[in-house]
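Report on the following structure.
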Amino acid sequence: MKIKTLAVALCLLSLPLVVSANPSLLNKTKQEQQVQQAHNVDREARFKLTEKEIKAQRNALVTERNRLQRDTEQLSKRFSKNENQLAKLEEQLRLETGSLGELFGVVRQAAKELDSEMAFSVTGVDRTEYRAVVDQIVDAKALPSMIQLNGLWQAMNDQISASAELREVTVPFINGEGYQSDLNAYRLGSMGLIGEKGYLSWDGKRNVAKLYLKQPENGPSYSGLNELALSGLQAAVVDPSRGVMLEQLANSPELQDRIEHGGVVGKIILGLLVIGVVIALFRGAKLMVIHQQIKSQLKKPTQPGNNPLGRVLSVYNRAQNRSVEALELRLLETIVDEQQGLEKGLSMLKLLAALAPMLGLLGTVTGMIETFQVITQFGNGDPTVMAGGISMALVTTVLGLISAMPLLLAHNVLSTQAENIRNILEKQGISLVAEQAEKAGIAA
């Protein structure tokens, strides 16, 4: 304790000495203390201000929370009240609209039937004013409005009026090659569309028309109806089935229709068939005449006539004084010449018989090329646009086979006849050589 007391006393005694030794350090320390105190006072003031602001914000939030709780309670009470009132109104609506529900079903069914009719009938070409109203009724989930009911009635009345019209219209038309263009036509009520080449098939889903594969006899045309319209008459041959009977006509095409489907190649094949038939008939008649002449000549061997056997006998009569070998060679030469005349035209028949199926194959390849071109341009969704190429591919093959078979048969028959005549000539020539040899043997 004494030592500590002594140390403190020494420190106190030395303090005035230190202060007197460094007065600037003391002043600096006092200044820093004053700055620090001012800073502390400022911080305390800011802390107090921040505390007030936080308390004010808290009070505002509490007030807002209380207000929202009151509003929520009021809205919950109102929601419950509205639910009860809505349930009562729905029950009242159900009771009051019980019969209207059946009426809505009837109206909607009528709208569906009318929508199907407008999509199928040719009146959809130019009578589409009320189509949107009909679609709204079909898709509706509630009772139709008075405007919609009036629109449905007007659409029905419009279709009835359209069914009694002969009206000129412009329709999108797709030809047999798949190209689309605008075509002038007459709409014959709701029965059909009539273009320059006859009845047109109307596709309501795609809104395009195309020509039926086969037209009825004495059917109407655009120019004919145009004359009738100008003269004031409105009469034409109609299809009461609205296209069903016209479509059935294509299921039984005539020979001319099949030939037309064959295209240029098919006509060339038929031309070759006609040429071959003409050659076959001419050569057949010629061989029959020659065969009859030879039969008559066999009965009169001493009187050679103007026929193959007569010419062979004439050579024998002129060469009787020659040797047997020379006579044989002369007769063989004459028979070979006659054989060439007998077989004249048969090689052409054989060529035509071989050329016809090759042309049929060419038509098949050409038709398939056209079909693939149409598929490339328009896709394969509609088979009718590919019908032209497929018909050509099949019909030319059939025509080629049909042409080749009779030509081959005619070639075989005519070759047999020519061979029979040649055998008769050879047999007669051999008998004449043998007779000449016997004479030479007897003379020797």
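Small disclaimer: the values here were computed from a predicted structure and weren't measured.
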Quiz item: Rounded to the nearest 0.5 Å, how far apart are CZ of Arg108 and CD1 of Ile137?
Solution: 10.5 Å
Practice problem: State whether the side chain of Asp42 and the backbone N or O of Ala38 hold a donor-acceptor pair below 3.5 Å, judged by distance alone. | Solution: no
Exercise. Return yes when atom CG of Leu86 has more than 12 non-hydrogen atoms of other residues, nucleotides or ligands closer than 6.0 Å, and no otherwise.
Key: yes
Quiz item: Donor-acceptor pair, Asp115 side chain versus Ala111 backbone, under 3.5 Å?
Solution: no
Practice problem: Report the residues that fulfil side chain to side chain contact (heavy atoms under 4.5 Å, CB included) with Asp126, sequence neighbours left out, ordered by chain and then residue number. | Solution: Arg167, Val169, Arg187
Just list the side-chain donor-acceptor pairs under 3.5 Å for residues 273-290, sequence neighbours left out, or say none.
{"unit_1": "Arg283", "atom_1": "NE", "unit_2": "Lys344", "atom_2": "O", "d": "2.8"}
{"unit_1": "Arg283", "atom_1": "NH2", "unit_2": "Gly341", "atom_2": "O", "d": "2.8"}
{"unit_1": "Arg283", "atom_1": "NH2", "unit_2": "Leu342", "atom_2": "O", "d": "3.3"}

Quiz prompt | Test log, rule side-chain contact (heavy atoms from CB on, under 4.5 Å), inputs Phe173 and Leu211 | solution = CA-CA 8 Å; Phe173 176 73; Leu211 194 67; 4.2 Å; yes
Exercise. Report the residues that fulfil side chain to side chain contact (heavy atoms under 4.5 Å, CB included) with Asn66, sequence neighbours left out, ordered by chain and then residue number.
Key: Val62, Gln69, Arg70
Self-check item: Heavy-atom closest pair, residues Pro172 and Asp182
Solution: CA-OD1, 4.1 Å
Practice problem: Check whether any side-chain heavy atom of Leu188 lies under 4.5 Å from a side-chain heavy atom of Leu193, and answer yes or no. | Solution: no
Quiz prompt | Side chains of Leu414 and Gln417 in contact at under 4.5 Å (non-hydrogen atoms) | solution = yes
Quiz item: Does any N or O in the side chain of Ser163 come within less than 3.5 Å of the main-chain N or O of Ile160, such that one atom is a donor and the other an acceptor?
Solution: yes
Quiz item: To the nearest 0.5 Å, what is the distance between NZ (Lys350) and CG (Leu408)?
Solution: 9.5 Å
Practice problem: Side-chain contact test, heavy atoms from C-beta onward, threshold under 4.5 Å: evaluate it for Val208 versus Gln180 and give yes or no. | Solution: yes
Quiz item: How about Met348: does its CE atom have over 12 heavy atoms from other parts shown lying under 6.0 Å from it?
Solution: no
Quiz item: Is Arg127 salt-bridged to Glu165, going by a charged N under 4.0 Å from an acidic O?
Solution: yes
Exercise. Report yes if some heavy atom in the side chain of Arg78 is under 4.5 Å from a heavy atom in the side chain of Asn82; otherwise report no.
Key: yes
Practice problem: Flag the pair Met156 / Gln159 as yes when at least one side-chain heavy-atom distance between them is below 4.5 Å, and no otherwise. | Solution: no
Exercise. Output the distance between atom OG1 (Thr170) and atom CG (Leu183), rounded to the nearest 0.5 Å.
Key: 8.0 Å
Self-check item: CA sep, side-chain torsions, deciding dist, call: Asn207, Asp203, side-chain contact (heavy atoms from CB on, under 4.5 Å)
Solution: CA-CA 6 Å; Asn207 292 328; Asp203 188 353; over 6 Å; no
Quiz item: Nearest 0.5 Å, what's the CD-CD distance between Glu90 and Glu83?
Solution: 10.0 Å
Quiz item: Is Ser116 reaching over with its side chain to a backbone N or O of Lys112, donor-acceptor style, under 3.5 angstrom?
Solution: no
Practice problem: Show your working on side-chain contact (heavy atoms from CB on, under 4.5 Å) between Thr397 and Leu361 and close with a plain yes or no. | Solution: CA-CA 6 Å; Thr397 303; Leu361 180 61; over 6 Å; no
Practice problem: Apply the test side-chain contact (heavy atoms from CB on, under 4.5 Å) to residues Val122 and Met191: give CA-CA distance (whole Å), side-chain angles for both, the deciding distance (0.1 Å), then the verdict. | Solution: CA-CA 7 Å; Val122 295; Met191 296 296 178; over 6 Å; no
Self-check item: Residue Arg43 excluded, over 12 heavy atoms near CZ under 6.0 Å
Solution: no
Quiz item: Should Ser76 and Thr72 count as side-chain neighbours, where that means a heavy-atom distance under 4.5 Å?
Solution: yes
Quiz item: Which atom pair, heavy atoms only, marks the closest approach of Ile269 to Gly360?
Solution: CD1-N, 3.5 Å
Self-check item: Distance (rounded to the nearest 0.5 Å) between Thr29 OG1 and Gln31 CD
Solution: 9.0 Å
Quiz item: Are the side chains of Leu200 and Ile194 in touch, meaning some heavy atoms are under 4.5 Å apart?
Solution: no
Quiz item: For Ser190, does its backbone N or O pair with a side-chain atom of Thr123 as donor and acceptor, under 3.5 Å?
Solution: no
Quiz item: Closest heavy-atom contact between Gly124 and Thr128?
Solution: O-CG2, 3.3 Å
Quiz item: Which pair of non-hydrogen atoms, one from Phe120 and one from Trp202, has the smallest distance, and what is that distance?
Solution: O-CD1, 4.1 Å
Exercise. Flag the pair Val133 / Leu152 as yes when at least one side-chain heavy-atom distance between them is below 4.5 Å, and no otherwise.
Key: no
Quiz item: Measuring from Trp153:CH2 to Tyr130:OH, what's the distance to the nearest 0.5 Å?
Solution: 8.5 Å
Quiz prompt | Lys88 with Glu91: basic N within carboxylate O range, under 4.0 Å | solution = no
